[in-house]
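Just so you know, ligand 1 is whichever comes first in the structure, and atom 1 is the first atom listed for that ligand.
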Amino acid sequence: MFFLVRLQLYNDCIWLKSSKYCPYTDYGLTQGGDKMKTALITGITGQDGSYLAEYLLAKGYFVHGIKRKASLFNTQRIDHIYQSPYDTDKRFKLHYGDLTDSLSLVRLIQEIQPDEIYNLAAQSHVAVSFEMPEYSSDVNALGPLRILEAIRFLGLQEKTRFLQASTSELFGKVQEVPQNEKTPFYPRSPYAVAKQYAYWITINYREAYGMFACNSILFNHESPRRGETFVTRKISMALCQIALGLEKCLYLGNMNALRDWGHAKDYVIMQWRMLQLDEPEDLVIASGEQHSVREFVSLAAAELGIQLDFKGQGVDEYAVVADISGNLAPQIKPGDVIVRVDPKYFRPTEVETLLGDASLARQKLDWKAEHSLNNLVSEMMRSDYDIAQKKLLLQSH
Ligand code: NAP
Ligand code: G4F
């Protein structure tokens with residue numbers, strides 16, 4: 001198994017070296033003689049960080065990433081692009097650091113002298129921010145301040161461009177529909193309040209010190225790499241496991257919540273494009289389509305040939321299997337109840353509805369999302385079905 005993983009890593013390095021997008025050369029220069037750009041990604045081990053790292057490597061960047069010290073490996077999402085420290089040609093390097101540790105940030109930014117910093121690191125789970133408000137604020141509000149101040153303190157404000165991963169959670173209790181760059185904020189969680197500080201400190205550093213610093217105001221975006229406790233991934237994983245008899249029932253919170261879901265791969269490209277603009281701008285990135293959590297469950301179930309009927313209201317709501325076609329769900333039958341509500345997943349204050357208007361981003365960045373919601377759901381379900389099949393195989397041996 002270990003051997004196979006190493007072989008896979010080796011193959012990926014070969015791919016990187018021979019990619020037509022990124023002629024592979026020494027640190028600092030591309031083959032054409034242009035300066036090779038250097039990017040620093042915080043949150044590189046997360047969903048977006050992993051896609052952004054792939055994208056920047058394919059564009060010929062030298063990519064540095066900050067990872068946290070953990071007692072187990074936390075690099076699963078980027079293992080396929082890992083390059084050995086003994087590789088003399090490497091263009092990808094991980095460093096230990098933490099957004100709560102100013103000294104590590106100053107030292108790394110001084111050492112790397114990045115052209116671009118993408119601040120994607122965060123305690124990114126809204127529900128968890130109610131459990132850990134102080135830590136969430138330290139990372140999500142003061143983290144970006146520490147990076148901005150390091151850029152200024154090191155005199156890099158002319159060289160280093162900064163992108164802050166901001167969020168549609170700022171709109172919270174929405175003041176208008178759809179939400180755009182001018183919609184007033186009304187944050188509804190410690191997570192969102194901290195992100196609002198980060199939003200304004202980014203603008204303050206831009207205005208006070210002339211830095212190229214901007215906010216990507218991202219609506220929800222998902223992928224097979226989404227963290228397992230966010231609602232879309234929780235749904236895709238649970239339904240696949242239920243279909244194969246590994247679980248019995250999926251427990252959810254507020255199924256009426258409405259979200260504007262896009263694909264993470266599309267959204268990291270937008271963030272790169274934002275740092276290539278002539279002038280820094282804060283832009284909304286969204287799909288412009290809205291669906292409920294309940295609809296997401298139905299779409300995901302349909303990928304397995306399962307048709308669900310939702311019955312009951314509030315905490316008594318449940319979903320029963322109305323019909324099954326195909327052979328992807330051998331362990332369930334019509335009449336089975338496979339989704340129920342557990343009020344422990346309700347939040348003290350909820351964001352009921354989000355719908356973004358990304359027309360400014362489309363115009364400024366010449367952007368069109370490549371993935372539809374249906375593509376996204378299919379991709380997530382295929383990936384989680386594979387994972388569930390492997391788990392089943394392991395259990396039966
Ligand atoms: P994610 O998968 O949860 O990744 C978060 C990353 O931040 C992980 O690499 C995590 O490291 C790292 N991190 C957490 N605390 C840290 C700390 N104290 N110091 C250094 N690194 C730390 O999040 P994501 O979905 O990729 O989102 C990326 C960014 O976009 C986040 O800032 C999020 O708030 C924002 N955002 C996301 C969405 C969305 O729908 N995905 C929408 C709007 C905004 P570990 O791997 O060690 O945990
Ligand atoms: O998937 P979620 O946890 O994402 P949420 O809270 O919208 O936050 C995500 O998107 C934000 C952008 O708008 C980011 F800033 C943030 O970092 C994160 O990536 O929940 C989506 C909705 C919520 O209304 C929640 O109450 O789904 C509802 N929900 C219903 N049952 C559930 C569940 N959410 C989770 N996580 N787990 C449930 O069982």
Next on the checklist: I'd like to know if the side chain of Asp266 and the backbone of His371 have a donor-acceptor N/O pair within less than 3.5 Å.
Outcome noted: yes
Note: heavy atom closest to atom 31 (C) of ligand 1, options Thr232, Ile217, Leu120, belongs to Leu120
Any carboxylate oxygen within less than 4.0 angstrom of a Lys/Arg side-chain nitrogen, looking at Asp384 and Lys391? no
Nearest non-hydrogen contact to atom 41 (N) of ligand 1 from the set Glu222, Arg226, Gln164, Arg259 belongs to Arg226
| Mind checking whether Gly253 has an N or O less than 3.5 Å away from an N or O of ligand 2? | yes
Checking heavy atoms under 4.0 Å, the part of Tyr118 that sits near ligand 1 is neither
Taking only Lys NZ, Arg NE, NH1 and NH2, and the carboxylate oxygens of Asp or Glu, determine whether Arg225 and Glu54 approach each other closer than 4.0 Å. yes
Does the pair Lys159/Asp115 count as a salt bridge with the N-to-O cut at 4.0 Å? yes
Under 4.0 Å between heavy atoms, the region of Val126 that gets near ligand 2 turns out to be side chain
The protein heavy atom nearest to atom 4 (O) of ligand 1 is Gly46 CA, 3.4 Å
I'd like a table of donor-acceptor pairs (distance under 3.5 Å, sequence neighbours excluded) in which one partner is a side-chain atom from residues 121-131, with atom names and distances.
residue: Gln123; atom: OE1; partner: His125; partner atom: N; Å: 2.9
residue: Gln123; atom: NE2; partner: His125; partner atom: O; Å: 3.2
residue: Gln123; atom: NE2; partner: Ser136; partner atom: OG; Å: 3.1
residue: His125; atom: ND1; partner: Ala127; partner atom: N; Å: 3.3
residue: His125; atom: ND1; partner: Val128; partner atom: N; Å: 3.4
residue: His125; atom: NE2; partner: Thr229; partner atom: O; Å: 3.1
residue: His125; atom: NE2; partner: Thr229; partner atom: OG1; Å: 3.4
residue: Ser129; atom: OG; partner: Val126; partner atom: O; Å: 2.7
residue: Ser129; atom: OG; partner: Tyr191; partner atom: N; Å: 3.0

Min over Ser216, Ala165, Ser166 of heavy-atom distance to atom 44 (C) of ligand 1 lands on Ser166
Quick look: Glu169 vs ligand 1, heavy-atom contacts under 4.0 Å, and the answer is neither
